[in-house]
Amino acid sequence: GLRKPIFAGLDGQGGYNTPAAMGKAVSVEITPNYAEGSLYGDDVKAEEDNEFIDASISLGVTTVPTGFNSSMFGHTVSDGETTYNANDETVYGGMGIIGVEKVDGVKKYVANFLPKCKFKEPGKSYSTKGETITYNTPTLDGTALALDSGVSKKDKVCSTETEAEAWILTQFGGGTLGSFGEFSTSDTYSVGDYVVYDNDLYRCVTAVSTAGAWDATKWTKVANAQGE
C-alpha cells in the first residue's frame, strides 16, 4: 500500500516552506545510485567501495494540484491561472510518503522522508471520450540528494497512518508541528493544505473555495499542533 505524498520547498534558510499533499499516491519507486570502485593488489581484490551519489524517484499520483505549479516548478500562479516562463526554475524541497507493510502479520505504516529532492515537470495528455474509461495520471520523475550533513533519507515504522503522517510533518518543521498557520475565516484553502485549528493540526480534504467559518466536514485531523 501507498499513501499521502507530501512536498515542501526549501526556504533558503535551512528549513522548509509549508508542506502540502500532492494528490493521492498511485506508485513510487526510489532507486539509490552509487559510485563503485575496487582496488586490486597481488592479483586479488583488496578493497571495494560504494559511495552514494543520488537516488532516482518515479512518483505516480492521481493529480498535481495547481499550487504545485508554483511551489514545486517555480511558475507564477494567481487565481487559478498559471503562467509558464522559460526562465522558471524547479524548486528543491523535501518529500514524504507513507508505505503500508505487513510486519509479523501486523499492518504497519512506514513513513519515508527525503530531505532534498527536485522533480521534473510531468507532461499532460488528454483524450476524447470513448467506450472505455481512461485515467491519464501524471508521473513525476525526480532526483533525491544528500544534505550537507550526509543525510539522504529517513524512515520510521508507525502503528497508524495518522502517526506516520504526523512524523513526516515534523520533519518539515525541524521536529515540531508548530510552523503551520492558524485557520483564518478570510482565507480559502486547497485540498492538501494544512492548518491549525483549536490547537489541532488538520489537512484539507475538500477545497474551501469561499472564505468563511470553520467547516469540520472539509478537514481531517492529523495531530495535536505540538505533535503530541
Side-chain angles (χ1 to χ4, degrees), residues 2-36 50-78 80-99 110-125 136-156 164-165 167-175 179-180 190-194 203:
L2 195 63
R3 315 281 173 85
K4 293 185 177 64
I6 302 169
F7 179 86
L10 289 167
D11 64 6
Q13 301 176 11
Y16 297 91
N17 298 317
T18 302
M22 304 160 60
K24 296 181 179 180
V26 175
S27 62
V28 68
E29 184 173 347
I30 302 172
T31 306
N33 300 309
Y34 296 93
E36 301 179 351
N50 298 304
E51 293 186 0
F52 176 82
I53 302 174
D54 56 28
S56 302
I57 308 169
S58 179
L59 173 65
V61 293
T62 54
T63 186
V64 180
T66 301
F68 285 93
N69 288 338
S70 173
S71 63
M72 181 179 282
F73 304 121
H75 304 312
T76 301
V77 178
S78 178
E81 177 183 288
T82 301
T83 301
Y84 301 80
N85 189 293
N87 296 317
D88 293 341
E89 295 185 4
T90 54
V91 178
Y92 279 110
M95 187 197 82
I97 196 165
I98 300 170
V110 182
N112 297 272
F113 182 69
L114 302 173
K116 185 179 181 180
C117 54
K118 179 184 282 192
F119 289 92
K120 298 176 183 177
E121 191 166 2
K124 293 184 178 181
S125 63
N136 297 318
T137 57
T139 297
L140 297 164
D141 293 321
T143 302
L145 304 174
L147 298 173
D148 292 342
S149 63
V151 175
S152 61
K153 183 178 181 289
K154 293 182 179 181
D155 60 40
K156 182 179 181 181
E165 183 178 5
W167 180 85
I168 288 173
L169 294 175
T170 64
Q171 304 309 301
F172 291 110
S179 60
F180 294 91
S190 300
V191 173
D193 286 348
Y194 292 89
R203 172 170 39 82

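Computed from heavy atoms alone, side chains included, the values below leave out hydrogens, waters and symmetry copies. Keep in mind it's a predicted model, so treat the numbers as computed, not measured.
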Counterpart residues, side chain to side chain donor-acceptor pair (under 3.5 Å), relative to Asp88 (two or more places apart): His75
Under the side chain to side chain donor-acceptor pair (under 3.5 Å) test, residues paired with Lys4 that sit two or more places apart: Glu161
Is any side-chain heavy atom of [X] less than 4.5 Å from a side-chain heavy atom of [Y]?
X: Glu121; Y: Tyr84; value: yes
X: Ile98; Y: Val110; value: no
X: Phe172; Y: Thr18; value: no
X: Val91; Y: Lys118; value: no
X: Asn87; Y: Glu89; value: no
X: Leu169; Y: Tyr194; value: yes

Atom of [X], atom of [Y] and distance for their closest heavy-atom approach:
X: Leu140; Y: Phe119; answer: CB-CD2, 3.7 Å
X: Pro32; Y: Phe52; answer: CB-CE1, 4.3 Å
X: Asn112; Y: Gly99; answer: ND2-N, 4.0 Å
X: Cys117; Y: Leu114; answer: SG-O, 4.4 Å
X: Pro115; Y: Ser152; answer: CD-O, 3.3 Å
X: Asn17; Y: Ala8; answer: O-CB, 3.2 Å

Partner residues of Phe7 under the ring pair (Phe, Tyr, Trp, His ring centres under 6.0 Å) criterion, sequence neighbours left out: none
Considering only distance and modelled atom types, tabulate donor-acceptor pairs under 3.5 Å from the side chains of residues 55-73, sequence neighbours left out.
unit_1	atom_1	unit_2	atom_2	d
Ser56	OG	Asn33	ND2	3.1
Thr62	OG1	Lys24	N	3.0
Asn69	ND2	Thr82	OG1	3.0
Ser71	OG	Gly67	O	3.4

side-chain contact (heavy atoms from CB on, under 4.5 Å) assessment of Tyr16 paired with Leu10: CA-CA 4 Å; Tyr16 297 91; Leu10 289 167; 3.4 Å; yes
Partners meeting side-chain contact (heavy atoms from CB on, under 4.5 Å) with [X] (sequence neighbours left out):
X: Ser149; value: Leu147, Val151
X: Ala21; value: Arg203
X: Leu145; value: Asp54, Tyr92, Lys116, Thr143

CD-OG1 distance between Glu29 and Thr31, expressed to the nearest 0.5 angstrom: 4.0 Å
Pairs satisfying salt bridge (Lys or Arg N to Asp or Glu O under 4.0 Å), at least one member in residues 143-156, at least two apart: Lys153-Asp155
